[in-house]
Amino acid sequence: MAPFIVLVSSFLLFRVLGIVGWTYLDSWVIDLRFAVACMFLLSASAHWGKRRPDLIKMVPPSLPKPEWMITLTGWLELIGAIGIVLPATSQLASIGLSLLLLAMFPANIRAAREGIAIAGKPATPIVLRTILQIIFLSAVLFAGFSY
């Protein structure tokens with residue numbers, strides 16, 4: 001839930017800053033790009049922090065070297081977060097982040113089905129996680145392909 005909270009609250013913060021006079025942020029598209037970036041920066045931070053062991057447990061056993069997968073996806077999230085805020089790369093970053101969300105979704109399903117806790121908290125139930133995934137994908141695609 002934390003990525004969702006960051007996405008929504010940072011979007012609202014950037015909207016307010018744009019409305020009160022920060023002209024660069026006076027565009028819902030720019031605000032959404034920065035909110036998506038904040039969400040992925042938060043998510044990427046878990047790939048190296050205390051949640052790392054839990055993320056490693058989520059990796060499906062069919063994939064090799066789960067530790068490397070977590071490191072790789074963390075780096076891709078960081079790169080995507082930077083790319084989504086740059087107008088020249090926002091579309092490419094949007095495609096990359098969308099593919100990343102789709103590729104990582106099976107790990108979230110596995111966590112929910114097998115009861116893998118993250119930071120001591122139960123995994124998000126599959127139905128809620130699916131709804132969140134749709135919201136995240138929508139935000140990423142709108143951020144990259146709206147003007």
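Residue numbers count from 1 along this sequence.
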>> Run Asp26 and Leu17 through side-chain contact (heavy atoms from CB on, under 4.5 Å) and show every step you take.
In response: CA-CA 8 Å; Asp26 195 15; Leu17 291 173; over 6 Å; no
[X] side chain vs [Y] backbone, donor-acceptor pair below 3.5 Å:
X: Asp31; Y: Phe11; result: no
X: Ser146; Y: Ala143; result: no
X: Gln133; Y: Leu101; result: yes
X: His47; Y: Thr71; result: no
X: Arg129; Y: Ala111; result: no
X: Thr73; Y: Met69; result: yes
X: Ser94; Y: Val140; result: yes
X: Arg110; Y: Val59; result: yes
X: Ser90; Y: Ile84; result: no

Going by heavy atoms in the side chains, are [X] and [Y] under 4.5 Å from each other?
X: Tyr147; Y: Val29; answer: no
X: Leu7; Y: Phe136; answer: yes
X: Ile30; Y: Phe14; answer: no

Test of understanding: clusters of I, L, V, M, F, W, Y form through side-chain heavy atoms closer than 4.5 Å, transitively. Do [X] and [Y] belong to the same one?
X: Leu99; Y: Ile134; answer: no
X: Trp22; Y: Val16; answer: no
X: Leu100; Y: Trp75; answer: no
X: Leu141; Y: Leu86; answer: no
X: Ile79; Y: Leu72; answer: no

Could you tell me the separation between the [atom1] atom of [X] and the [atom2] atom of [Y], rounded to the nearest 0.5 Å?
X: Thr124; Y: Met1; atom1: OG1; atom2: CE; value: 7.5 Å
X: Ile131; Y: Leu128; atom1: CD1; atom2: CG; value: 6.0 Å
X: Met104; Y: Glu77; atom1: CE; atom2: CD; value: 4.5 Å
X: Ile118; Y: Arg52; atom1: CD1; atom2: CZ; value: 14.5 Å
X: Leu137; Y: Phe105; atom1: CG; atom2: CZ; value: 9.0 Å
X: Trp28; Y: Arg15; atom1: CH2; atom2: CZ; value: 9.5 Å

> Can you check side-chain contact (heavy atoms from CB on, under 4.5 Å) on Phe142 and Leu32, steps first, answer last?
Replying inline: CA-CA 8 Å; Phe142 277 117; Leu32 184 58; 3.7 Å; yes
Grab the two heavy atoms, one from [X] and one from [Y], that are nearest each other, plus how far apart they are.
X: Ala44; Y: Gly74; value: CB-O, 3.6 Å
X: Arg51; Y: Ala119; value: NE-CB, 3.5 Å
X: Leu76; Y: Leu97; value: O-CD2, 4.3 Å
X: Ala37; Y: Ala81; value: CB-O, 3.4 Å

>> Among Ser9, Ser10, Pro3, which residue satisfies the side-chain contact (heavy atoms from CB on, under 4.5 Å) criterion with Cys38?
In response: Ser10
> Crowded around Trp48 CH2? As in, over 12 foreign heavy atoms under 6.0 Å?
Replying inline: yes
